[in-house]
Amino acid sequence: MMTKRIRRNFFTRPTLKVAKELLGKFIVRKYKGKKIIGKIVETEAYIGPEDRASHGYQMKKTERNRAEYLIGGHIYIYLVYGMYYQLNISTEKEGLPRCVLIRALEPIVNNKLKFFKINDKVIKINQIANGPGKLCRYLKLDKSFYGEDLVKSKRIWLEDWAIKIKKAEIVASKRIGIDYAGKYWANKKWRFYIDGNPSVSKQ
DNA sequence: GTACAGATTGAG
DNA sequence: TCAATCTGTACT
């Protein structure tokens with residue numbers, strides 16, 4: 001199988017295109033000498049400064065969201081609800097607050113492993129990273145990844161395994177949890193996922 | 001300084 | 001249905 005690391009020119013294209021094409025790509029995280037790998041199956045696009053749901057709405061800049069303005073391919077990670085990290089990848093050119101939120105991964109593990117144990121609870125393997133907070137836990141990500149460059153980093157990067165996702169397999173729907181942005185923006189179908197994939201988040 | 005809501009999750 | 005728990009932002 002041909003695999004290659006995704007380079008800068010993938011991320012600097014229009015955000016909606018990047019959000020769709022990230023489906024079927026792989027996140028590789030090097031952790032304690034091992035690789036943790038997940039296939040991206042669900043994303044959301046946030047397109048500031050126009051997008052009211054974007055943290056960079058009207059070019060708003062704070063200490064927390066400055067990574068969203070970096071040139072495409074950088075990690076914008078932050079804490080929500082005091083407990084969960086959200087993994088975003090910046091897109092397009094430097095100075096534009098645009099990014100793609102990674103919402104769910106299909107874990108790639110040895111073929112026989114179908115279940116997993118967390119705190120004595122048996123969980124299906126495809127439910128380990130089926131949500132934006134859960135996938136950060138799966139990949140062992142924290143604030144130290146803030147601003148990390150996926151094109152150059154030695155501990156996390158993206159790979160293209162030349163897997164084609166057909167257009168018919170991509171579902172577009174409303175983004176989750178952003179009703180505060182008002183009907184117009186909340187109704188934009190900027191959430192994308194692979195139809196029928198068992199690791200897509202609920203709702 | 002204080003109040004409050006948020007791109008969520010898992011337990012009851 | 002609700003609590004857990006932190007931070008930016010908008011108020012006083």
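We use all heavy atoms of the structure for the numbers below, so side chains are in, but hydrogens, waters and symmetry mates are not. Throughout, a chain's letter reflects where its sequence line sits, starting with A, and its residues are numbered from 1.
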task: Could you summarise the pairing of DNA chain C as dot-bracket text, marking Watson-Crick and G-U pairs under 3.5 Å with ( ) or [ ] inside the strand and | across strands?
output: ||||.||||||.

A:Glu44: partners by salt bridge (Lys or Arg N to Asp or Glu O under 4.0 Å), with sequence neighbours left out: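 Salt bridge (Lys or Arg N to Asp or Glu O under 4.0 Å) list for A:Glu44, sorted by chain: A:Arg103.
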
Rounding to an integer number of Å, can you tell me how far [X] [atom1] sits from [N] [atom2]?
X	N	atom1	atom2	value
A:Gln127	B:dT9	CD	P	12 Å
A:Ile77	C:dG8	CD1	C1'	17 Å
A:Asn130	B:dT9	CG	P	8 Å
A:Leu101	B:dT8	CG	C1'	11 Å
A:Ile128	B:dT9	CD1	P	14 Å
A:Ile178	B:dT8	CD1	C1'	15 Å

Please identify each residue that fulfils side chain to side chain donor-acceptor pair (under 3.5 Å) with [X], with sequence neighbours left out.
X	result
A:Asp142	A:Ser144
A:Glu159	A:Trp157, A:Trp161
A:Ser153	A:Glu148

field: Within residues 83-94 of chain A, residues whose heavy atoms come under 4.0 Å of DNA chain B
entry: A:Tyr84, A:Gln86, A:Asn88

- request: Under 4.0 Å from any atom of DNA chain B, heavy atoms only: list the residues of residues 43-64 of chain A that qualify, in numerical order.
  value: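 Within residues 43-64 of chain A, the residues near DNA chain B are A:Tyr46, A:Ala53, A:His55.
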
- request: Not counting sequence neighbours, list each pair that qualifies as a side chain to side chain donor-acceptor pair (under 3.5 Å) and has a residue in residues 6-26 of chain A.
  value: A:Arg8-A:Asp149, A:Arg13-A:Glu21, A:Thr15-A:Thr91, A:Thr15-A:Glu92

message: Can you check the distance between B:dA5 and C:dT12, where both ends of the measurement are the P atom (answer in whole Å)?
response: 15 Å

query: Using the C1' atom in both, what is the distance from B:dG10 to C:dT7, to the nearest Å?
result: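 To the nearest whole Å, 23 Å.
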
For residues 26-39 of chain A, dump all side-chain donor-acceptor pairs below 3.5 Å to protein atoms at least two apart in sequence or in another chain.
unit_1, atom_1, unit_2, atom_2, d
A:Arg29, NE, A:Leu139, O, 2.8
A:Arg29, NH2, A:Lys140, O, 3.0

- prompt: Going by the ring-ring contact (aromatic ring centres under 6.0 Å, His included) test, which pairs reach into residues 135-156 of chain A, not counting sequence neighbours?
  reply: none

- prompt: What pairs of residues pass the ring-ring contact (aromatic ring centres under 6.0 Å, His included) test when at least one of them lies in residues 84-107 of chain A, not counting sequence neighbours?
  reply: none

query: When we call it a touch if two heavy atoms are under 4.0 Å apart, what does A:Leu79 touch: a base, just sugar-phosphate, or nothing?
result: sugar-phosphate

- request: Apply the side chain to side chain donor-acceptor pair (under 3.5 Å) test between A:Glu106 and each candidate in A:Asn126, A:Asn197, A:Asn130; give the one that qualifies.
  value: A:Asn197

message: Strictly below 4.0 Å: does A:Arg137 bring a side-chain N or O up to OP1 or OP2 of B:dG10?
response: yes

statement: So the salt bridge (charged side-chain N to carboxylate O under 4.0 Å, His left out) pairs with at least one residue in residues 161-190 of chain A (sequence neighbours excluded) are A:Asp51-A:Arg175

query: Hey, mind stepping through A:His74 and A:Phe11 against ring pair (Phe, Tyr, Trp, His ring centres under 6.0 Å) and telling me if it holds?
result: CA-CA 9 Å; A:His74 287 81; A:Phe11 301 106; 9.1 Å; no

